[in-house]
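Here the structure is a predicted model, which means the values were calculated and not measured. Sequence positions, counted from 1, serve as the residue numbers for this chain.
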Amino acid sequence: MVKRFIVSGILGAAFATMVANGKCGIVTDDAQGAAIAKDTTDIQREQTLTEVEITKSSAGTRRMGGAVNGMNIGQQELFRAACCNLGESFTTNPSVDVNYNDAATGAKQIKLLGLSGTYVQMLTENIPNFRGAAMPYSLGYVPGTWMKSIQVSKGASSVKNGYESITGQINVEYLKPDDEDGVIANIYGNTENKMEANATANIHVSDNASTILLTHYENSWSHHDGNDDGFQDMPNVRQFNIQNRWKYMGGRYIFHGGISLIDENRTSGQTEHGAHGQLYRIGIRTGRYEAYMKHALMLSSEHNASLALITSASMHKQDAEYGMKAYNVNEKNVYAQALYETDITKRHNIAVGTNVNYDYFGQSYKLENTAEGAFSRMREKETVAGAYSQYTYNADDKVIVMAGMRIDHSSLYGTFLTPRMHIKWQPSEVVGLRLSAGRGYRSVHALAENSYLLASSRILTIGLLDQEKAWNYGVSMSLNIPLLQKTLKINTEYYYTDFSNQAVVDYDTDHRQITIANLDGRSYSHTMHIDAEYPILKGLILTAAYRRNIVKSTYSGVRMDKPLTNKYKGLVTASYKTPLGLWQADVTLQMNGGGRMPTPYQLADGTPSWQSTYNGYAQLNAQVTRWFRHFSVYIGGENLTDFKQKNPIIDAANPWGDRFDATMIWGPVSGAMAYAGIRINIGKL
């Protein structure tokens, strides 16, 4: 079915971080109809278009068309699961893993290319976000119903957004102010005593100005202790989240701006059931405030020339208690970027720009699990100013070469260069090949980023850390094979990340402490990935994927597998939608490979504290959705295999002793869960 849309003039490359040709391929990604998505390299690009044809697609996930290897996850894909927040949006995606960091705080972490989420640059609306202290809990700060799409790019990405993306970028596109007028609501509840309520409202103030209000409330109040160890399986989280965004389009000038507020209270720890004496409790109170502005001026429609200024500021205040330990932080960030981009000719594009980023951390902490001891205080400041240039050659989408170079100066680490290159060769519609290589850097804020490690009796020791540095190399091949009048899509990838310096978290050397220190030796990861997609029947799409991770680092002179890291992942998904689109059923089976545990130690009775390795496990998720004219109802379940890690908390009965540890997590800590929800399109008020 072909629908025709007239797309009016909007911003060219001004808000983009695209990393390829800069030309737009139009597809759809809306679950209830055709939505306009513009194919760029690592993000979507808005551009002046004449009348275009849009072909409705059944897929909610699509490959990006530029030089960078990545994918766009649209709302149709997000609707295949509950997707209460960003951390739950990758359930059906084979590329990104989301794991719990510990068994007490509920902190989650993305893993991409076998490495932790600290090496993934997080963007919201193409602006770097959720840094430092926000990182451990940031996946819960983006409600699922707010997201229009997610772009995931692998490897060293474009130089436009900075030097930090070592394994890739994840960019979240929120619902837009100029989307259709009206109000949409979502209500969700599950068997773990969690409920959510969301509402979004679009108002077109005039022909040129529009605004959107995004609201979110969640509350989980259960003190469930399924494994009977005296600790809550999941934390209680009460969160208020609100965002207001504006857009103005007047001739050649475009403005985007917005403010947001997050208030969250997270509590967990020991329950009355397992308590002996004073309860061990965890309390984390967070207030986060953000604001951003984007100004863009279209200089030439003939050459797609544009000039833009992007600014943002945030403040993240967090007070956390872990038993008698504590960590309080006031983090402030200011970011600004000016950029200019133009097509020199049809095949040649150039982009230049400058960035400045300022980070401030005011911290007070107490790392002893005793009533005695005073708070220590520490301040961290860093200002980084840089400039970049990026050139793209595009030969009719058959050959795309993108080369970029950054130069940055840090107030802490001096001047450094960031070279990156991406090549795409598309000899035919059947086969496509991509190559990439690039350098990445990262400033480490060890205590802010790893505060969840305080949920342990181990002593946390942090050395004088240098800037992290790594090279990333990648090759990928995509195949579109005609088979039985349908198309079998196959994608294969290999990525190698090699660190010249890394902040290594060492659980192995001494069971009485966790050390974060500079790499002394080698650290690297190899990731091999293959996935295939095929429409078995009309309306039924089957996807299968397998990934192998080889991740090693050096601990006290010995090179070992990184602990608590799965060696492989398998994924099989089936999605079926009835011919009229009234019913949809989705099933996802995840197979998570085993891995290495930190080096065990001997307990008082001579037995080991834990096994040296852990086995693989499977998880099954399912959801059924019924679509109506103005609303949809969904019901589903997660972890239907009911797999739980046995004894996720070490020495849970004695949290004030010297053996207690809630950080030895490699699998789910709670069992099967059922949920239900309703999405309502209320329309204009």
Participant: How many angstroms lie between CG in Asn126 and CG in Asn171, if you round to the nearest 0.5 Å?
Facilitator: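 If I round to the nearest 0.5 Å, the distance is 4.0 Å.
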Participant: How far apart are the closest heavy atoms of Tyr534 and Thr487, and which atoms are they?
Facilitator: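 Scanning both residues, the minimum pair turns out to be CD1-O, 3.7 Å.
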Participant: Under the salt bridge (Lys or Arg N to Asp or Glu O under 4.0 Å) rule, collect the residues that match up with Arg420, sequence neighbours excluded.
Facilitator: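 Salt bridge (Lys or Arg N to Asp or Glu O under 4.0 Å) list for Arg420, sorted by chain: empty.
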Participant: Check whether any side-chain heavy atom of Glu533 lies under 4.5 Å from a side-chain heavy atom of Asp531, and answer yes or no.
Facilitator: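 Glu533 does not reach Asp531 side chain to side chain.
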Participant: Run the numbers on Tyr494 and His526 for side chain to side chain donor-acceptor pair (under 3.5 Å), then give the verdict.
Facilitator: CA-CA 7 Å; Tyr494 166 73; His526 298 274; 2.7 Å; yes
Participant: Under 4.0 Å between a side-chain nitrogen and a carboxylate oxygen: does that hold for Arg442 and Glu449?
Facilitator: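 A salt bridge is present here (some side-chain N lies under 4.0 Å from a carboxylate O).
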Participant: Is it the case that over 12 heavy atoms from other parts of the model lie below 6.0 angstrom from the NZ atom of Lys381?
Facilitator: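 Counting neighbours around NZ of Lys381, 12 or fewer heavy atoms of other residues, nucleotides or ligands fall under 6.0 Å, so no.
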Participant: Can you confirm whether the side chains of Asp343 and Asn304 place a donor and an acceptor under 3.5 Å from each other?
Facilitator: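 Asp343 vs Asn304: donor-acceptor pair found between side chains.
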Participant: Looking at Met477, I want to see if its CE is surrounded by more than 12 non-hydrogen atoms of other residues, nucleotides or ligands under 6.0 Å.
Facilitator: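 No - once you tally the heavy atoms of other residues, nucleotides and ligands closer than 6.0 Å, there are 12 at most.
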Participant: So does Asp396 pair up with Arg347, basic N to acidic O under 4.0 Å?
Facilitator: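 Result for this pair is yes, salt bridge flagged.
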Participant: Test of understanding: with salt bridge (Lys or Arg N to Asp or Glu O under 4.0 Å), list the residues that count as partners of Lys154, not counting sequence neighbours.
Facilitator: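 Per chain and number, Lys154 pairs via salt bridge (Lys or Arg N to Asp or Glu O under 4.0 Å) with Glu493.
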Participant: Just to verify, what does Asp179 make a side-chain contact (heavy atoms from CB on, under 4.5 Å) with, not counting sequence neighbours?
Facilitator: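 Residues passing side-chain contact (heavy atoms from CB on, under 4.5 Å) with Asp179: Lys148, Leu175, Lys176, Asn202.
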Participant: Quick one: salt bridge (Lys or Arg N to Asp or Glu O under 4.0 Å) partners of Asp97, sequence neighbours excluded?
Facilitator: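 Asp97: salt bridge (Lys or Arg N to Asp or Glu O under 4.0 Å) contacts with Arg547, Lys569.
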Participant: With sequence neighbours excluded, what pairs up with Gln502 under the side chain to side chain donor-acceptor pair (under 3.5 Å) test?
Facilitator: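 Partners of Gln502 by the side chain to side chain donor-acceptor pair (under 3.5 Å) criterion, ordered by chain and then number, come out as Tyr119, Ser523.
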Participant: In Å, rounded to the nearest 0.5 Å, how long is the span from OG of Ser525 to CG of Asn472?
Facilitator: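 That separation rounds to 7.5 Å.
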Participant: Who are the salt bridge (Lys or Arg N to Asp or Glu O under 4.0 Å) partners of Arg522, not counting sequence neighbours?
Facilitator: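 If we apply the salt bridge (Lys or Arg N to Asp or Glu O under 4.0 Å) test to Arg522, skipping adjacent residues, the hits are Asp498.
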Participant: Quick check against the 3.5 Å criterion: does Glu468 have a side-chain atom that pairs as donor or acceptor with the backbone of Ala503?
Facilitator: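 Flag set: sc Glu468 to bb Ala503 pair under 3.5 Å.
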